[in-house]
Visitor: 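Have a look at this one before I ask anything.
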Amino acid sequence: KDFTVDFRNKCAVLLFTKPYSDEEIQAMIKNLTSKKCKGHILSLERCEVNCSIIISNITKKGFCSEEALEVYFESKHSGGGDVECVEMLGPNKAKVTFEDATVISQVLSKKHTILGLEVSISACTALDSFDDHEDEEYEDA
């Protein structure tokens, strides 16, 4: 399979399993923009490589500081690597950005139980900015 598809809010992201040259991407753009799909005009854009994960089900009592998440995801136990930054997205949610995108598959392949609490981890995609974040107004107290 050459790609996977992620659909959200009337948008789709094709996640290719192999790299394509600029010329190949330009040919795809030219081909797709000249076609319609069920009356919709298609467009294609190159997105940056994902280096981030979202961690959910963390709690203030458990494992909710940026520093603790950085230490954990830089450990060999987590399957992670060097962390570029950690951003708290809410009282129970955080985003961890790695310096190397290749560690994401290693992190996702493991179960993560932190301080006795199993946390949920998913890879970020280009469509995450379209999601409604219920915790957007969260401020670190």
Visitor: Report yes if some heavy atom in the side chain of V96 is under 4.5 Å from a heavy atom in the side chain of V83; otherwise report no.
Guide: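 A side-chain contact exists here, since the closest heavy-atom pair is under 4.5 Å.
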Visitor: So, using side-chain hydrogen bond (donor to acceptor under 3.5 Å, both in side chains) as the criterion, who are the partners of N57 when residues are at least two apart?
Guide: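 In terms of side-chain hydrogen bond (donor to acceptor under 3.5 Å, both in side chains), with neighbours along the sequence ignored, N57 is linked to no residue.
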Visitor: For F73 and H112, take the angle between the two ring planes, folded into 0 to 90°, and tell me which bin it lands in: parallel under 30, tilted 30 to 60, perpendicular over 60.
Guide: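 Rings of F73 and H112: tilted, 30 to 60°.
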Visitor: What are the two closest heavy atoms between E66 and E87, and how far apart are they?
Guide: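 Scanning both residues, the minimum pair turns out to be OE2-CA, 4.2 Å.
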Visitor: Considering residues at least two apart in sequence or located in another chain, which fulfil the side-chain hydrogen bond (donor to acceptor under 3.5 Å, both in side chains) criterion with E24?
Guide: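 In terms of side-chain hydrogen bond (donor to acceptor under 3.5 Å, both in side chains), with neighbours along the sequence ignored, E24 is linked to S21.
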Visitor: Compare all side-chain heavy atoms of I58 with those of M88 and state whether any distance is below 4.5 angstrom.
Guide: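 SC-SC contact between I58 and M88 confirmed.
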Visitor: Starting at OG of S78, measure out to CG of L69 and round the result to the nearest 0.5 Å.
Guide: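 Between S78 OG and L69 CG, I get 10.5 Å after rounding to 0.5 Å.
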Visitor: Could you report the tightest heavy-atom contact between K76 and K110, atom names first, then the distance?
Guide: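 Shortest heavy-atom contact: O-NZ, 4.4 Å.
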Visitor: For the atom pair SG (C51) and NZ (K95), what is the distance rounded to the nearest 0.5 Å?
Guide: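 These two atoms lie 10.0 Å from each other.
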Visitor: What residues form a side-chain hydrogen bond (donor to acceptor under 3.5 Å, both in side chains) with N31, not counting sequence neighbours?
Guide: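 Result, side-chain hydrogen bond (donor to acceptor under 3.5 Å, both in side chains) vs N31: K35.
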Visitor: Answer with yes or no whether the side chains of S120 and S56 bring together a donor and an acceptor at under 3.5 Å.
Guide: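 Side-chain D/A pair, S56 to S120: absent.
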Visitor: How many angstroms lie between CD in E23 and CE in M28, if you round to the nearest 0.5 Å?
Guide: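 Going from CD on E23 over to CE on M28, the span is 11.5 Å.
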Visitor: Rounded to the nearest 0.5 Å, what's the gap from CD1 on I54 to OG on S122? Could you check?
Guide: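 One finds 6.0 Å between CD1 of I54 and OG of S122.
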Visitor: Measure the CZ-SG distance between F98 and C85 for me, rounded to the nearest 0.5 Å.
Guide: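 Going from CZ on F98 over to SG on C85, the span is 10.5 Å.
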Visitor: Taking the side chain as C-beta and beyond, is there a heavy-atom pair between V119 and I121 under 4.5 Å?
Guide: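 Counting from C-beta outward, V119 and I121 do come under 4.5 Å.
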Visitor: Roughly how far, to the nearest 0.5 Å, is the CD atom of E70 from the OG1 atom of T97?
Guide: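 Between atom OG1 of T97 and atom CD of E70 there are 11.0 Å.
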